[in-house]
Amino acid sequence: MSSGRRITREKKTIAAMMAIYCSDHHGARSGLCDGCASLLDHAERRLDTCPFQEEKPVCKACEVHCYAPTRRERVREVMRYAGPRMLWPHPILSLGHILDKWRPVPKLKTRKRAVD
Ligand SMILES: [Zn+2]
């Protein structure tokens, strides 16, 4: 499955956030620790199956709860921690993410839950 620009950028954003979070919390010097690597892998697969794709709202505003509850909590923690901290190392990604918050949130016509 080839990703559109929006999903590709979203993947870069979450990968950058995970890297910041992991190096500060788990001391990973290069790349991610095993736990974060598997969480990132999960997040990327969720993005591949996101029903909105190029119309995707920021995850926070989305009505589809595509993460399993335990993972959702961890991803939220990563975003909360790394969001404000990635402005300096990743100004373009951060700006994109800020702009995305102003997008209208689309409604799903047919509810389809992604299966893990
Ligand atoms: Zn980690």
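Counting starts at 1 for both ligands and their atoms, following the listed order.
Among the heteroatoms counted here (N, O or S) of His26, ND1 is the one nearest to the Zn ion (ligand 1).
Geometry at the Zn ion (ligand 1): SG/Cys22 and SG/Cys33 form an angle of 110°, nearest 10 degrees.
The Zn ion (ligand 1) has an N, O or S atom of Cys36 under 2.8 Å away, backbone or side chain.
Counting heavy atoms from C-beta outward, Arg6 and Gln53 have side chains that stay 4.5 Å or more apart.
To the nearest 0.5 Å, atoms OH (Tyr21) and CZ (Arg74) are separated by 8.0 Å.
Put simply, the residue from Ile14, Val75, Leu32 that forms a side-chain contact (heavy atoms from CB on, under 4.5 Å) with Leu39 is Val75.
Dense packing is recorded around CG of Leu99, with more than 12 heavy atoms of other residues, nucleotides or ligands lying under 6.0 Å away.
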